[in-house]
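Lettering of chains follows the sequences in order, A, B, ..., and the numbering in each one begins at 1.
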2 protein chains.
Amino acid sequence: MTEHAPLELERFLPYRLSILSNRISQAIARDYQSRFDLSMTEWRVMAVLARFDSQGLSASDVAARTEMDKVAVSRALARLVAARRVARRTHNGDKRRSVLRLTATGWKVHDAVAPLARTHERELLAMLGDDERDALMRVLDKLAPV
Amino acid sequence: MTEHAPLELERFLPYRLSILSNRISQAIARDYQSRFDLSMTEWRVMAVLARFDSQGLSASDVAARTEMDKVAVSRALARLVAARRVARRTHNGDKRRSVLRLTATGWKVHDAVAPLARTHERELLAMLGDDERDALMRVLDKLAPV
DNA sequence: TGCTTGTAGTTTCATATGAAACTAATCTTA
DNA sequence: TAAGATTAGTTTCATATGAAACTACAAGCA
């Protein structure tokens with residue numbers, strides 16, 4: 001008789017991680033989308049621009065910081081600029097580079113979304129014990145260091 | 001002075017989980033793709049068909065077991081059937097339902113891919129300590145119960 | 001029976017995504 | 001300093017995805 005040793009998908013780590021991550025991301029994305037007409041990628045761009053505001057980031061700085069590819073960043077920025085949430089200027093002395101800042105409107109959105117994001121995270125972490133939370137953070141540090 | 005409290009994306013749990021999951025899935029997907037012309041969704045369908053082989057699953061059984069939506073399953077099956085990796089018959093007594101089985105070819109692919117999948121998982125887990133591994137599994141059980 | 005409602009699966013359509021080609025500007029070096 | 005190589009960013013093209021419409025069949029019920 002032949003032995004096929006099928007995989008138990010529901011215990012397979014990569015599968016479970018992808019289920020978990022998709023559930024969380026989609027729940028959050030739906031929320032941002034419906035409340036602010038803001039996609040996950042747009043929010044990530046805004047979060048980075050907010051955090052490094054003083055530095056006048058370029059699109060490729062944003063791509064590096066968000067781990068998104070430059071096409072995704074370019075498209076997110078196109079929408080954010082059209083919505084006047086981000087101002088795009090040209091770099092002094094390097095006309096290829098853009099210099100990106102949140103506008104006042106952009107900051108308003110940011111200041112509404114950021115607490116919402118924190119709440120989502122808190123709700124997740126509340127389901128875990130302290131020890132599990134710590135272990136999870138260590139796991140993330142080891143498997144996907146920043 | 002205004003306080004904007006920007007989010008530190010690189011410490012934000014949903015973001016980190018999505019980075020980790022995408023990295024792992026993409027690495028594995030690239031591997032299956034290049035070696036077997038098999039997408040991640042196709043592999044998941046095959047894994048479920050292998051596991052519940054005796055039960056003559058239908059497409060919606062597969063959708064339920066894989067947590068994929070029925071459109072994705074339908075398309076994966078179309079490709080798998082075209083490649084003669086899966087045989088599709090019609091259910092006796094309910095002509096809407098399909099009855100799906102791996103073909104001999106399908107089993108060959110399965111038997112090559114399954115150990116590969118296990119290896120990927122082992123390599124991941126090898127980066128963690130026993131305690132971290134246990135905690136990770138508990139976290140997954142709590143946050144994304146099967 | 002025949003009508004309504006429900007279910008399995010596929011197709012359509014609109015959007016998302018990424019690789020590669022492209023444009024424009026800058027840098028390198030002979 | 002002019003040609004070739006690099007870099008920033010956009011566009012194109014091919015594929016992936018999901019919601020909703022659609023087709024075919026089945027079940028419930030008058």
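- Residues passing the side chain to side chain contact (heavy atoms under 4.5 Å, CB included) test with B:Ala144 are A:Leu20, A:Arg23, sequence neighbours excluded.
- Rounding to whole angstrom units, CE of residue B:Met68 and P of C:dG9 are separated by 13 Å.
- Remark: A:Lys70 engages no residue in a salt bridge (Lys or Arg N to Asp or Glu O under 4.0 Å) (not counting sequence neighbours).
- Contacts between residues 12-20 of chain B and DNA chain C, defined by a heavy-atom separation below 4.0 Å, involve no residue at all.
- The stretch residues 48-64 of chain B participates, sequence neighbours left out, in these side chain to side chain donor-acceptor pair (under 3.5 Å) pairs: A:Glu10-B:Arg51, B:Asp53-B:Arg101, B:Ser58-B:Ser60, B:Ser58-B:Asp61.
- Identified under the salt bridge (Lys or Arg N to Asp or Glu O under 4.0 Å) test for residues 109-129 of chain A, with sequence neighbours left out: none.
- Pairs passing the salt bridge (Lys or Arg N to Asp or Glu O under 4.0 Å) check and including a residue from residues 26-45 of chain A, sequence neighbours excluded, read A:Asp31-A:Arg35, A:Asp37-A:Arg79, A:Glu42-A:Arg79.
- Residues satisfying the side chain to side chain contact (heavy atoms under 4.5 Å, CB included) test with B:Ala47, not counting sequence neighbours, are A:Leu9, B:Trp43.
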Per-nucleotide protein contact along nucleotides 7-15 of chain D, 5' to 3', at a 4.0 Å heavy-atom cut-off (B base, S sugar-phosphate only, - neither), is BSBBBB---
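- A:Arg138 meets the side-chain hydrogen bond (donor to acceptor under 3.5 Å, both in side chains) test with B:Glu132; sequence neighbours excluded.
- B:Arg97 meets the salt bridge (Lys or Arg N to Asp or Glu O under 4.0 Å) test with B:Asp94; sequence neighbours excluded.
- Applying the 6.0 Å contact sphere to CZ of A:Arg16 captures more than 12 heavy atoms from other residues, nucleotides or ligands.
- At whole-Å resolution of the value, CG in A:Asp69 and P in C:dA20 are 12 Å apart.
- Interface residues of residues 26-46 of chain A facing DNA chain D, ordered by number: none; criterion, heavy-atom separation under 4.0 Å.
- Not counting sequence neighbours, the partners of A:Thr41 by the side-chain hydrogen bond (donor to acceptor under 3.5 Å, both in side chains) test are A:Ser39.
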